[in-house]
Amino acid sequence: MATAAQWLEGARPRTLPNAIAPVIAGTGAAGFLGEAVWWKALLALVVSLSLILGVNFANDYSDGIRGTDDERVGPLRLVGSGLASPAAVKRAAFACFGVGGVAGVVLSLTSAPWLILVGLACVAGAWFYTGGKKPYGYLGFGEIAVFVFFGLVAVLGTEFVQAGRVDASGVLAACAVGSYSSAVLVANNLRDIPTDRESGKITLAVRLGDSRTRVLFSVLVAVPTVLGLALAAVATPWALLSLASAPLAVRAALPVTRGGQGPALIPALAQTGLAMLVWSIGAAVGLFLGA
């Protein structure tokens with residue numbers, strides 16, 4: 001029987017920046033348009049946090065029953081370690097999806113009802129990443145899904161429910177956050193190449209191989225700095241505050257570029273998440289100041 005602390009660890013709290021950063025960036029974009037609505041921003045945060053916790057538990061469940069997590073380096077796996085039953089972890093995943101669904105429906109009905117369909121697509125994307133008969137995460141499409149759902153959809157959705165439209169600043173912010181979020185998954189999958197290959201989980205990292213995956217990671221953590229400069233050019237010079245993330249991005253890349261393996265790559269995930277948060281906060285503050 002898993003303890004509360006083990007359930008918390010199994011929820012993978014280090015992934016929470018992937019949920020928080022898009023809402024910050026999207027609210028900043030709405031603020032630049034003079035349309036920030038704080039209660040909607042908070043509801044969007046509930047949706048985003050619920051989805052990422054749901055996908056974490058769903059991955060734990062699906063990977064666990066397949067045996068993918070039997071020899072995995074990294075955060076605690078509740079099913080793979082035998083600390084919690086698959087049914088309990090599955091219930092936790094759907095409870096999170098349920099909370100996010102309720103908040104999402106409220107946002108949709110007060111903004112645009114068709115967003116309910118977007119929310120359903122997000123839940124389906126979360127579940128079928130490692131769930132179902134042919135999970136797309138086992139086919140190398142995980143990074144694309146993360147870019148779409150925790151970059152484009154999360155940032156632009158947050159901006160849209162507040163401002164009723166999206167603009168160039170939102171698109172640039174969405175691409176920056178999506179790049180960082182994808183980089184987190186790339187680093188995770190780089191670490192797991194040996195065990196994923198053995199278990200038949202053909203991630204993008206397995207397809208690319210070790211060296212090319214490291215190049216991809218380096219590109220992904222560099223892109224937000226370039227997009228920060230673009231944001232300053234098309235929106236406001238205050239957006240240069242986002243560049244405070246650049247030193248953290250460099251620090252995140254060091255274990256990857258220096259050939260770190262296994263547990264040595266874990267700091268890259270944490271530093272990338274921190275860089276994403278700093279980028280989002282800097283961009284949001286800059287956009288508010290430039291409004």
Side-chain angles (χ1 to χ4, degrees), residues 1-19 48-101 120-146 149-150 181-182 184-207 213 261-266 268-270 272-273:
M1 180 70 69
T3 65
Q6 288 168 333
W7 273 101
L8 178 61
E9 186 179 354
R12 306 180 195 180
R14 291 180 181 176
T15 64
L16 294 185
N18 296 63
S48 192
L49 287 171
S50 298
L51 280 176
I52 202 160
L53 291 174
V55 76
N56 286 344
F57 283 127
N59 291 348
D60 192 307
Y61 164 78
S62 296
D63 283 344
I65 62 174
R66 284 188 171 90
T68 308
D69 284 343
D70 289 350
E71 300 294 337
R72 183 67 61 86
V73 177
L76 174 72
R77 268 67 169 186
L78 293 166
V79 175
S81 65
L83 289 170
S85 70
V89 176
K90 186 178 182 180
R91 285 195 297 270
F94 278 93
C96 292
F97 292 148
V99 171
L120 291 174
C122 290
V123 173
W127 178 255
F128 290 108
Y129 171 54
T130 55
K133 294 182 179 180
K134 293 185 177 180
Y136 65 85
Y138 280 56
L139 300 174
F141 298 113
E143 285 78 3
I144 295 174
V146 166
F149 290 119
F150 287 102
S181 196
S182 294
V184 172
L185 183 57
V186 169
N188 181 80
N189 289 342
L190 172 64
R191 181 197 65 200
D192 294 337
I193 284 177
T195 54
D196 282 344
R197 183 183 290 120
E198 184 176 343
S199 63
K201 185 175 183 179
I202 311 302
T203 63
L204 181 59
V206 171
R207 290 184 181 277
T213 300
Q261 300 284 344
L265 290 169
I266 294 175
L269 280 75
T272 304

Mind checking whether Val123 and Phe97 have side chains closer than 4.5 Å, heavy atoms only?
-> yes
When the ring planes of Tyr61 and Trp127 are compared, do they come out parallel, tilted or perpendicular, using 30° and 60° as the limits?
-> parallel
Can you see which heavy atom on Gly137 is nearest to which on Thr203, and at what distance?
-> O-CG2, 3.9 Å
Scanning both residues in full, the closest heavy-atom pair of Trp7 with Ala92 reads CZ3-CB, 3.9 Å
Thr15 and Ile52: which non-hydrogen atoms are nearest, and at how many Å?
-> O-CD1, 3.2 Å
Any side-chain donor near an acceptor of the partner, Tyr129 and Asp63, under 3.5 Å = no
Identify the heavy atoms of Ala58 and Ala126 that sit nearest to each other, and give their distance.
-> CB-O, 4.4 Å
Indicate yes or no: at least one non-hydrogen side-chain atom of Arg14 is less than 4.5 angstrom from one of Ile266.
-> yes
If only atom types and distance count, is the side chain of Asp60 paired as donor or acceptor with the main-chain N or O of Val79 below 3.5 Å?
-> yes
Should Asn18 and Val184 count as side-chain neighbours, where that means a heavy-atom distance under 4.5 Å?
-> yes
Quick check: does any side chain N or O of Asp196 sit under 3.5 Å from a backbone N or O of Lys201, one acting as donor and the other as acceptor?
-> no
Answer yes or no: is there a donor N or O on one side and an acceptor on the other, between the side chain of Tyr136 and the main chain of Thr130, under 3.5 Å?
-> no
State, yes or no, whether a side-chain contact exists between Val146 and Glu143 at a heavy-atom distance under 4.5 Å.
-> no
Approximate separation, where rounding is to 0.5 Å, of Leu139 CG and Arg207 CZ = 6.5 Å
CG (Leu185) and CG (Leu190) are apart, to the nearest 0.5 Å, by 11.0 Å
So OG of Ser181 and CZ of Phe149: to nearest 0.5 Å the spacing works out to 12.0 Å
Check for a donor-acceptor pair, side chain of Ser62 on one end and backbone N or O of Asn59 on the other, with a separation under 3.5 Å.
-> no
Go through the steps for Asp192 and Arg197 under the test salt bridge (charged side-chain N to carboxylate O under 4.0 Å, His left out), then give the verdict.
-> CA-CA 8 Å; Asp192 294 337; Arg197 183 183 290 120; over 6 Å; no
Going through the checks in order, is the side-chain contact (heavy atoms from CB on, under 4.5 Å) test met by Val89 and Phe57?
-> CA-CA 6 Å; Val89 176; Phe57 283 127; 4.2 Å; yes
To the nearest 0.5 Å, what is the distance between CD (Glu9) and CZ (Arg77)?
-> 10.0 Å
Heavy atoms of Ser48 and Ala19 approach each other most closely as OG-O, 2.8 Å
Here the pair of heavy atoms bringing Ala93 nearest to Gly54 is CB-O, 3.6 Å
Quick one: pull up CG in Asn56 and CG in Leu16 and give me the separation to the nearest 0.5 Å.
-> 8.0 Å
Supply the atom-to-atom distance Leu204 CG to Phe141 CZ, rounded to the nearest 0.5 angstrom.
-> 9.5 Å
